[in-house]
Protein chains: 4
Amino acid sequence: MGGPGRPRSKAARSAVLRAALEIVQESGYPVLTMEGIARRAAVSKQTVYRWWPSKAAVLLEALNEGATEIAPLPDTGDLADDLRAFLRRSTLGARGRTARLLVALMAEAQLYPAFGRSFQTGFLAQRRAVMVELLQRARTRGEIRSDVDLELVTELFFGALWYRLLAGSGTLDRRFADQITDLLLRLVAEA
Amino acid sequence: MGGPGRPRSKAARSAVLRAALEIVQESGYPVLTMEGIARRAAVSKQTVYRWWPSKAAVLLEALNEGATEIAPLPDTGDLADDLRAFLRRSTLGARGRTARLLVALMAEAQLYPAFGRSFQTGFLAQRRAVMVELLQRARTRGEIRSDVDLELVTELFFGALWYRLLAGSGTLDRRFADQITDLLLRLVAEA
Amino acid sequence: MGGPGRPRSKAARSAVLRAALEIVQESGYPVLTMEGIARRAAVSKQTVYRWWPSKAAVLLEALNEGATEIAPLPDTGDLADDLRAFLRRSTLGARGRTARLLVALMAEAQLYPAFGRSFQTGFLAQRRAVMVELLQRARTRGEIRSDVDLELVTELFFGALWYRLLAGSGTLDRRFADQITDLLLRLVAEA
Amino acid sequence: MGGPGRPRSKAARSAVLRAALEIVQESGYPVLTMEGIARRAAVSKQTVYRWWPSKAAVLLEALNEGATEIAPLPDTGDLADDLRAFLRRSTLGARGRTARLLVALMAEAQLYPAFGRSFQTGFLAQRRAVMVELLQRARTRGEIRSDVDLELVTELFFGALWYRLLAGSGTLDRRFADQITDLLLRLVAEA
DNA sequence: TAATAACCGAGACGGTACGTCGCGTCTTAGG
DNA sequence: CCTAAGACGCGACGTACCGTCTCGGTTATTA
């Protein structure tokens, strides 16, 4: 347990995460730099580079740190209720400050493949997995017709959600969540 | 017509656009810089800055230059046929080199609001408008139930398309296009 | 005269030279850094690197700037007078602040061959050349025996001078200069 | 003998000295760093810092370790023979690898006063002392005129030697040694 | 036989400079 | 008024070393 050598400083780690979040909130993602993070956290640059490969990685860890459950899995036994709840939480949780964060991470994921992979599998895929499980349970209960691709249905929702985030084609409010809920329910409903 | 002074050099303009495209294709978007564009185009930096505010703007103009129509509007008089054709073209047109370009522009649009606005209204919104018009014509023909929000349906498709581009959740092939087509048709179809 | 492009800033150049000198005088050579020079001169690092390859190069140019003639060539027509004058000036000119500068440059010349070459040919060799010329003139007048290697005699003096600078084996004062003068005169004098 | 606690590791000490010598020989003095020494010696940095204050100190100790006597004192009873032998050995011993080492140490001595003092008194002064003693013995035998400053004569030789090392003004070969020998003999010889 | 004390390696820490790159602006000569 | 050329201040990049520190472990002397 813990070989030789000075152990990693928890204080430095949390100072870095906090600094990154603060800079992004205050000044926006393009202003965020490894240099700036180190400066604000009163930490050496080397320490930041030792533990994170990029500013996006810092931010992703900070995001996963605080926001453990943006959208936990509801389970009332009724598809319509569960789905509506999940979509509402997911939608409303992707607004404001969080929206700016998500959008920046998605952008960075496109520009830097190494981070892209970790973002896609470590964040996006996990969010989809939650919804797929929700649908899967409903299917077990016989609420969903057998010819529907649950993965695809899940992509329809997250696609619409992210599209609004990225394309600015509309607001992310309860009405949006409920509209999508109704459409998806119609698609998956047993005849 | 054309005030005093030396007129704008067409050679410089096209050299810049070509250089930008080449750099992106060869080395990826993050390597693209205003400095590099000017160097490759054998043009002074000042000239680039005079006519384009950012590297993304150069790239967007280059994209609009070559790619006339990714997905022109089909009109056979039958919703199913038109929709299927449009989705197939849109999907297949967003692969390979074009995919890399689109993805980079979307990323840049998130990071730099000024470019983001021009990208959202000048590119994304226009693509949606084409599809909405397609659906609108079908509604006029009575093929679409009246309680469906055509804008939202359009977002479902482009959302899924962009989500696959950005999240890498699946391939963009004819099967994908047809699956979405079937789902959307079920959603909008008259009882 | 002066092709295209913005001309080099004289203000920046002299600010850099001045800053380098000041830092060395105040804090010593090891404290001198390219970064520090740029900071103090209120000039970008790039500008420093554009014109000088190293901090030693900056310092050498600064030295050659101010101290045009540390030891100009005396010419009275008498070897003893000329030599004594030259050695005195050379010796007394290598004290105090100048000593610290010379010593640092010599050290740097050993550590970085590229600078070493420019220092040896651009500074040291020129000082020797002056003294050799002095002796040469005396030889023309018949004051120096023919079997003496004037280059070697010159090295004897500069060797002793530099040795005292570097090894701290004694002071650099008029007495030292005169002692060496006497010895050298004895060596070169006609029988 | 030797208080409590683990005794100093001889293995670590010699590994450090060897590593320092190897690095300097292979890559030159500027590449030598405390960090690199520790790495190569497979020793912790702390251990290096515990026993040596600087890389120059390591090197000086390594130099004194291996090189017992560069120029031991000859004593044939004849000034000319002794002087010629001493100058030859001193000159030829300051070439090749040793030259690089000497030059680096001299440079470092200029840059870091603490090391400078130990180098001047612990190395340079001792070399001069040997030669002064040689001359002193000759004076006792009546071979040297009484008005000559033996310290100064010694500086003439070492000055010329070091000057050639540092200024690259000529080669260090037997011819050089013999030329200087002749000149010095002429200077000190009884009328 | 324990306690104590100085050593050892590993390695993280806050700093600071390195030399390079791109930013967006500017100043020149010339078409 | 445009163009190419290119210098400018600025600031981030990612790396290297600095000298210090904090670990777990190792060897000796002393109690």
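Within every chain, numbering begins at 1; the chains are lettered A, B, ... in the order of the sequence lines, protein sequences first and strands thereafter.
Distance, B/Arg8 CZ to F/dC2 C1': 11 Å, rounded to whole Å. Counting to the nearest Å, the P atom of F/dA7 and the CH2 atom of C/Trp52 are 13 Å from each other. Following rounding to the nearest Å, C/Tyr49 (OH) and E/dA17 (P) show an atom-to-atom distance of 11 Å. As rounded to whole Å, 13 Å separates atom C1' of E/dC21 from atom NZ of B/Lys55. Computed from coordinates, the A/Gln46 CD to F/dA16 C1' distance equals 8 Å when rounded to whole Å. Between the P atom of F/dT3 and the NZ atom of B/Lys10 lies a distance of 13 Å, rounded to the nearest Å.
Of all the residues in residues 28-44 of chain C, C/Ala42, C/Val43, C/Ser44 reach under 4.0 Å from DNA chain F with at least one non-hydrogen atom.
Interatomic distance, D/Phe115 CZ to D/Gln120 CD, rounded to the nearest 0.5 Å: 10.0 Å. Separation of atoms CG (D/Leu111) and OG (D/Ser54) is listed at 11.5 Å; rounding is to 0.5 Å. For the atom pair CZ of A/Arg18 and CZ of A/Arg40, the computed distance is 10.5 Å after rounding to the nearest 0.5 Å. A/Glu108 CD to A/Leu32 CG: the interatomic distance, rounded to the nearest 0.5 Å, is 9.0 Å. Here the straight-line distance linking atom CD of A/Gln25 with atom CG of A/Leu101 works out to 6.0 Å at 0.5 Å rounding. A distance of 9.0 Å separates CE of D/Met106 from CZ of D/Phe123, quoted to the nearest 0.5 Å.
Along DNA chain E, the nucleotide nearest to B/Ser54 and the one nearest to A/Ser9 differ in position, and the one closer to the 5' end is contacted by A/Ser9. Between D/Pro53 and B/Lys45, the residue whose closest nucleotide on DNA chain F is further toward the 5' end is B/Lys45.
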I'd like a table of atom pairs between the protein and nucleotides 4-6 of chain E - only N or O on both sides, under 3.5 Å - with the distance next to each one.
{"unit_1": "E/dA6", "atom_1": "N3", "unit_2": "D/Arg6", "atom_2": "N", "d": "3.1"}

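Between the side chain of C/Thr47 and the backbone N or O of C/Val43, no donor-acceptor pair lies under 3.5 Å.
Between D/Thr47 and E/dG9 there is a side-chain N or O to OP1 or OP2 distance below 4.0 Å.
A cation-pi geometry, defined here as NZ or CZ lying under 6.0 Å from the six-membered ring centre and within 45° of its normal, holds between D/Lys55 and D/Tyr29. Judged by the 6.0 Å and 45° rule, D/Arg8 forms a cation-pi pair with D/Trp51.
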